[in-house]
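Quantities reported herein were computed from a predicted structural model and do not represent experimental measurements. Just so you know, ligand 1 is whichever comes first in the structure, and atom 1 is the first atom listed for that ligand.
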Amino acid sequence: MNAHDSERMKGMLESLGYSEAAERADADLILFNTCSIREAADNRFIAHLGEAKRLKSEDPGRVVGVGGCWAQSVKDEVFERFPFVDVAFGPGQIHRLAEFLASDSLTAQGYFEFEDFSGHLPDKREREFQAWIQISQGCNCRCSYCIVPSTRGREQSRDPVELTAEVERLAADGVREVTLLGQNVNSYGRDVPRERKTTFAELLALVDSVAGIERIRYTSPHPKDMREDVIRAHAELPALCEHIHLPLQSGSSRILKAMRRTYDRGRYLDRVALIREHVPDCALTTDIIVGFPGETERDFAETLEVVEAVGYDGAFTFVFSPRRGTEAATLEGRLAHPVKRERMERLVEAVQRRARERAQRFVGRTMEVLVEGPSRTDPARLRGRSRHNKAVNFEGTGAPGDLIEVEIDAATSMTLSGQERLLSRVV
Ligand code: SAH
Ligand code: SF4
């Protein structure tokens, strides 16, 4: 979501006549888009802000802006602690940056309401054939570890007609793959007025029907809202990819309860079983937090059991980080650093081993790959992604944006490799 917010900021600045400076020292405007999901992001940011202070003291005409979740979570304190900051705004207020820049305002300004959507702003996409689409903003969940509800506000779904029109516009502009974005995408539509009521599964069907859109992804669904209609859509809609990112967080029902995730281990595994029943080959990835306050060895062992049982194709693993204003930051039973580190090592070993094992099912198959560009490790080869969201390195001739078929001959936990099947161009 943050990466997409940055694209909106870039798009908006371009429309105002700004262009990217090669070096920070050459910039008239230094703008940070911040993340606050874990402490490490905050700490890195404070170091960057120190550099901006130095650059501003060299040239006081420079404008320093800070947007995003960190700005929102410290609000007006920003100006007390960092008086050289000219403008600060929360993630729902990106459009106000334009107002500020156009206003010749000499006083510091902060914008922290939740009233609007940045989804309407122009974006500057990293690749012309792939686009993010923000379908909702905010989150009504209260996961006890999470800062997002306080930085992004209550959930608001975008109008389905407006979203479909945006997808049509993107398709006409050459986009072939869209990723629908929201903190909890599958609760989409509950707040849409009755005459336009649309469920997430119905929205997927609307997007699928847009000519030119060959691939649809979304992130993240919440297991509590993962219903059969969405799972069936993966089997039925041609463009919807065979990949679901289903955040687990913990395999222990006791810890899930303390996290206020509102599902337990049984319900989660039941969702996985339903996915496997309808879409047997579906790739599954997840998010897991290690070292939540009070997590015992037994709780952690239950997380490892779920990892073994599900066999994820990949996982993002995080050490619990106490965030200001969240319930979990006040809980007793914080774990010592070495305990968290040791658990993390065991978790990563299990995740990677199972992902490597699962990936062997692709060896010997011919898979559709969307070409992204040259391989990072060997520029003579190409790199792209399969519908299962696996990175694929291969020998071939495709151009970025082409869909081609690749014969897979090897698989690691993270990547597949192979060669383009000759005379196989899909499009
Ligand atoms: N709305 C999405 C993503 C939330 S942030 C969802 O619910 O899935 C992405 C991930 O960061 C979360 O899934 C969680 O695993 C992790 N995360 C969030 N807050 C955290 C914290 N305080 N400490 C460690 N990891 C955290
Ligand atoms: Fe945070 Fe939970 Fe909302 Fe995800 S669903 S953004 S983890 S509160």
Does any part of the side chain of [Y], heavy atoms only, come nearer than 4.5 Å to the side chain of [X], both counted from C-beta?
{"X": "Phe394", "Y": "Val371", "result": "yes"}
{"X": "Leu335", "Y": "Val290", "result": "no"}
{"X": "Val351", "Y": "Tyr312", "result": "no"}
{"X": "Leu180", "Y": "Phe200", "result": "yes"}
{"X": "Cys69", "Y": "Ile147", "result": "no"}

Provide the number and element of each atom of ligand 2 under 4.0 Å from a heavy atom of [X].
{"X": "His222", "answer": "5 (S)"}
{"X": "Val148", "answer": "6 (S)"}
{"X": "Pro149", "answer": "8 (S)"}

For ligand 2, does Asn184 get within less than 4.0 Å through its side chain, its backbone, both, or neither, judged by non-hydrogen atoms? neither
Does atom CD of Gln360 have more than 12 heavy-atom neighbours, drawn from other residues, nucleotides or ligands, at distances under 6.0 Å?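 Yes - once you tally the heavy atoms of other residues, nucleotides and ligands closer than 6.0 Å, there are more than 12.
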So for atom CD, which belongs to Glu297, do other residues, nucleotides or ligands contribute more than 12 heavy atoms lying within a distance under 6.0 Å? yes
Reference residue Gln130; test side chain to side chain donor-acceptor pair (under 3.5 Å); the match among Arg215, Glu372, Arg385: Glu372
Option among Thr219, Asp313, Thr285 that satisfies the side chain to side chain donor-acceptor pair (under 3.5 Å) test with His243: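 Only one of Thr219, Asp313, Thr285 forms a side chain to side chain donor-acceptor pair (under 3.5 Å) with His243, namely Thr285.
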How long is the gap from SG on Cys143 to CD on Gln249, to the nearest 0.5 Å?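 Here the rounded value is 7.0 Å.
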Interatomic distance, Arg217 atom CZ to Leu240 atom CG [nearest 0.5 angstrom]: 9.5 Å
N/O to N/O below 3.5 Å, does that happen between Asn184 and ligand 1?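 It does not: no N or O of Asn184 is found under 3.5 Å from an N or O of ligand 1.
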Which ligand 1 atoms are under 4.0 Å away from a heavy-atom of [X]?
{"X": "Pro247", "result": "8 (O)"}
{"X": "Phe320", "result": "23 (N), 24 (C)"}
{"X": "Arg261", "result": "7 (O)"}

Closer than 4.0 angstrom, basic N to acidic O: yes or no for Glu51 and Arg62?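 Salt bridge flag = no for Arg62 with Glu51.
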What do we get for [X] next to ligand 1 when only non-hydrogen atoms under 4.0 Å count, side chain, backbone, both or neither?
{"X": "Ser220", "answer": "side chain"}
{"X": "Val319", "answer": "backbone"}
{"X": "Gln183", "answer": "both"}

What's the shortest distance from [atom] to any protein heavy atom, and which residue and atom give it?
{"atom": "atom 23 (N) of ligand 1", "value": "Ser321 N, 3.0 Å"}
{"atom": "atom 2 (Fe) of ligand 2", "value": "Cys143 SG, 2.3 Å"}
{"atom": "atom 19 (N) of ligand 1", "value": "Tyr145 CD1, 3.3 Å"}
{"atom": "atom 7 (S) of ligand 2", "value": "Tyr145 OH, 3.4 Å"}
{"atom": "atom 10 (C) of ligand 1", "value": "Asp287 OD2, 3.5 Å"}
{"atom": "atom 3 (Fe) of ligand 2", "value": "Cys139 SG, 2.3 Å"}
{"atom": "atom 4 (Fe) of ligand 2", "value": "Gln183 O, 4.2 Å"}
{"atom": "atom 1 (Fe) of ligand 2", "value": "Cys146 SG, 2.3 Å"}
{"atom": "atom 5 (S) of ligand 1", "value": "Ile37 CD1, 3.5 Å"}

Are the ring centres of His222 and Tyr263 closer than 6.0 Å?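 Centroid separation for His222 and Tyr263: below 6.0 Å.
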Taking the six-membered ring for Trp and the full ring for Phe, Tyr or His, determine whether the centres of Tyr218 and His234 are under 6.0 Å apart.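 Yes.
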Out of His222, Glu39, Arg38, Gln249, whose heavy atom sits nearest atom 16 (C) of ligand 1? Arg38
Heavy-atom contact under 4.0 Å between Arg261 and ligand 2?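 Under 4.0 Å: yes for Arg261.
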Touching ligand 1 at all, Ile289? Heavy atoms, strictly under 4.0 Å? yes
